[in-house]
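Data block below; observations after.
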There are 2 protein chains.
Amino acid sequence: MEVKLPTFNSVFSIDCVIFGFEAGELKILLIERNEEPFKDWLALPGYIVEQDESIDNAAERILYELTGLRDLHMQQFHTFGEVNRHPQGRVITVAYYALIRINGQKEVKPVTQYAKNAFWHPVNDLPKLAFDHSEIFETGFNKIRRRLNYQPIAFELLPEKFTLTQLQSLYEAVLNKKLDKRNFRKKMLSYGFLKELDEKQKGVSYRAAKLYKFDRRKYTKIFQNDLNLDK
Amino acid sequence: MEVKLPTFNSVFSIDCVIFGFEAGELKILLIERNEEPFKDWLALPGYIVEQDESIDNAAERILYELTGLRDLHMQQFHTFGEVNRHPQGRVITVAYYALIRINGQKEVKPVTQYAKNAFWHPVNDLPKLAFDHSEIFETGFNKIRRRLNYQPIAFELLPEKFTLTQLQSLYEAVLNKKLDKRNFRKKMLSYGFLKELDEKQKGVSYRAAKLYKFDRRKYTKIFQNDLNLDK
DNA sequence: AATATAGTGTGTCAAATTTACACCATTAAA
DNA sequence: TTTAATGGTGTAAATTTGACACACTATATT
């Protein structure tokens with residue numbers, strides 16, 4: 001949003017809450033602003049929507065420019081349209097969340113200068129953000145918290161191959177509560193969309209855990225009735 | 001949306017899916033368009049957002065101008081931003097749903113000429129709508145279908161005093177499936193937010209049913225943990 | 001080689017919730 | 001008084017959820 005405001009009436013922007021999971025913590029990507037207003041504050045990455053791109057495309061473009069990543073799970077979750085949410089003029093913003101595999105094979109590197117100073121921040125220890133971005137974050141966090149149980153959100157945040165303990169630790173981070181190990185495993189495996197691999201965790205100094213993969217085809221088969229209930 | 005498009009870049013509008021429940025059917029309010037494009041087509045009521053009003057206020061204003069009603073349950077549910085969704089230029093629209101008591105005490109009468117020809121249409125028998133309004137409707141319908149179970153949506157659509165059979169019939173209309181009478185009642189009453197009145201249904205030619213009221217205070221007490229999970 | 005350390009992987013039982021299911025009661029109209 | 005229409009009610013089986021503890025395995029350390 002550090003772009004100069006055009007002179008015509010209202011401006012339309014996208015703001016992204018980019019979630020990642022690392023070291024047992026849920027994190028979001030924040031940038032440090034170089035310009036007024038809110039110079040030196042932390043903010044959600046965001047940008048203005050171009051004339052000739054859909055808002056979904058705009059969200060993907062902005063994410064790409066910031067992280068070099070494409071084809072991530074992105075989802076619009078709310079539009080913020082208070083008159084004075086931006087001190088320099090009327091800016092209506094559509095907020096998206098994106099889910100990233102921080103430990104995935106692809107690297108996160110900004111393509112533009114815009115994201116020079118983008119860093120991951122644990123969601124449990126966020127400072128007050130610029131504009132109404134704290135509220136946007138809260139809304140987005142609540143959204144994925146709720147969707148965790150009926151959309152395959154978790155598997156977008158984990159590496160392709162993961163252990164059940166990692167999966168549980170992600171659920172605990174998002175839901176912010178401890179879960180029972182045996183019950184969690186029983187439940188997850190009962191769905192039938194986790195594929196057990198013939199492979200084990202590597203590089204740990206204790207008994208290595210089995211690795212699993214998310215089987216998207218089975219998932220959609222199982223939940224095809226609910227599929228169209230979301231947007 | 002029959003307003004002339006301004007000449008600056010993008011236009012911002014609100015479209016409303018206005019739900020009502022009548023004669024055991026879920027219905028939405030549609031207008032017949034007088035102007036091109038989509039002259040004579042049915043469309044969702046919608047309007048352009050003014051410079052100095054928040055989108056929530058715009059939604060309330062538009063609803064008021066169309067129905068004469070205020071203080072209804074309204075909720076933004078999705079923003080539609082395809083480049084070519086409006087044939088005359090770039091129009092991004094925030095979609096809201098509104099819930100109306102068709103049989104309620106207040107009357108539905110349009111305040112502006114805009115809604116001269118607004119009629120209720122059963123959701124199960126809708127023609128193709130103007131623009132992308134069919135898609136907007138579907139998305140909104142799915143939204144309330146999902147929310148029915150964790151937000152007090154049903155009671156916004158029923159008269160203040162209602163019978164359990166009416167409540168069940170509303171659930172069946174929204175979820176599009178039959179429910180078991182005894183199990184439905186047991187469950188609903190077990191929540192504890194329905195207040196049994198000393199009053200009975202009137203004007204029916206069969207045994208009159210007990211009337212109930214929704215106790216919002218008890219509801220929020222019971223579900224206060226979930227409350228902040230939505231927006 | 002022995003031991004310490006750290007996390008893996010597993011089953012049962014009680015409680016709570018969900019589901020299936022049928023008949024008598026009441027009212028007004030004929 | 002009979003008919004038509006809907007109101008109102010309980011129980012038992014099946015399923016799901018929740019609580020709970022210990023032996024196993026791989027590596028690192030001594």
Side-chain angles (χ1 to χ4, degrees), chain A residues 21-25 103 146 148-150 154 158-159 161-213 222-223 225-226, chain B residues 21-25 103 146 148-150 154 158-159 161-213 222-223 225-226:
Chain A
F21 183 64
E22 192 184 34
E25 279 189 312
N103 302 314
R146 179 141 250 157
L148 185 64
N149 285 315
Y150 60 87
L158 290 174
K161 300 170 182 182
F162 52 85
T163 69
L164 291 179
T165 301
Q166 287 168 344
L167 184 60
Q168 178 175 348
S169 141
L170 172 54
Y171 269 75
E172 290 177 341
V174 175
L175 301 176
N176 195 29
K177 66 177 174 191
K178 282 277 163 202
L179 300 173
D180 178 271
K181 182 162 62 159
R182 278 179 289 192
N183 291 337
F184 180 82
R185 285 162 181 242
K186 202 191 322 176
K187 188 93 189 277
M188 274 297 157
L189 293 174
S190 78
Y191 289 133
F193 55 63
L194 291 185
K195 189 176 170 187
E196 186 181 326
L197 303 177
D198 286 333
E199 218 175 321
K200 298 209 163 180
Q201 210 176 13
K202 274 177 188 139
V204 290
S205 73
Y206 46 82
R207 175 178 178 182
K210 277 184 209 158
L211 289 172
Y212 290 80
K213 237 178 155 169
I222 295 167
F223 294 108
N225 297 332
D226 296 351
Chain B
F21 183 65
E22 192 183 36
E25 278 189 313
N103 302 313
R146 178 140 250 157
L148 185 65
N149 285 315
Y150 60 88
L158 291 174
K161 300 169 183 183
F162 52 85
T163 69
L164 291 179
T165 300
Q166 287 167 346
L167 184 60
Q168 179 176 347
S169 140
L170 171 54
Y171 270 74
E172 291 177 340
V174 175
L175 301 176
N176 194 30
K177 66 177 175 192
K178 281 277 165 203
L179 301 173
D180 178 89
K181 182 161 64 160
R182 276 178 291 192
N183 292 337
F184 180 82
R185 285 163 182 241
K186 201 192 322 176
K187 187 95 190 273
M188 274 297 157
L189 293 174
S190 78
Y191 289 131
F193 54 63
L194 292 184
K195 188 176 171 185
E196 185 181 328
L197 303 177
D198 287 333
E199 219 175 322
K200 298 208 163 182
Q201 210 177 11
K202 273 175 191 143
V204 289
S205 74
Y206 46 81
R207 175 178 176 184
K210 276 183 209 158
L211 289 171
Y212 290 81
K213 237 178 155 168
I222 296 167
F223 293 108
N225 296 332
D226 296 350

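When reading the values below, keep in mind they use all heavy atoms of this one structure, side chains included, and skip hydrogens, waters and symmetry mates.
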[atom1] of [X] versus [atom2] of [N]: gap in Å, rounded?
X	N	atom1	atom2	answer
Met188(A)	dT17(D)	CE	C1'	15 Å
Glu196(B)	dG7(D)	CD	C1'	13 Å
Phe184(B)	dA20(C)	CZ	P	16 Å

Quick tally for nucleotides 7-16 of chain C: nucleotides whose base has a protein heavy atom under 4.0 Å get B, sugar-phosphate-only ones S, the rest -, giving BBBBBB----

Margin query: With heavy-atom distances below 4.5 Å as the criterion, would you say the side chains of Leu211(A) and Asp198(A) are in contact?
Written below: no

Mind checking whether Leu170(B) and Leu148(B) have side chains closer than 4.5 Å, heavy atoms only? no

Distance check, rounded to the nearest 0.5 Å: [X] atom [atom1] versus [Y] atom [atom2]?
X	Y	atom1	atom2	answer
Leu179(B)	Gln168(B)	CG	CD	5.5 Å
Lys161(B)	Lys202(B)	NZ	NZ	8.0 Å
Tyr212(B)	Met188(B)	OH	CE	12.5 Å

Quiz prompt | Ring centers of Phe184(A), Tyr171(A) separated by less than 6.0 Å | solution = yes

Protein-nucleic acid N or O pairs under 3.5 Å, nucleotides 13-15 of chain D:
none

Residues at least two apart in sequence or cross-chain that pass side chain to side chain donor-acceptor pair (under 3.5 Å) with Glu196(A), listed by chain then number, are Lys210(A)

Margin query: Under a 3.5 Å cutoff, is there a donor and acceptor pairing between the side chains of Ser190(B) and Arg185(B)?
Written below: no

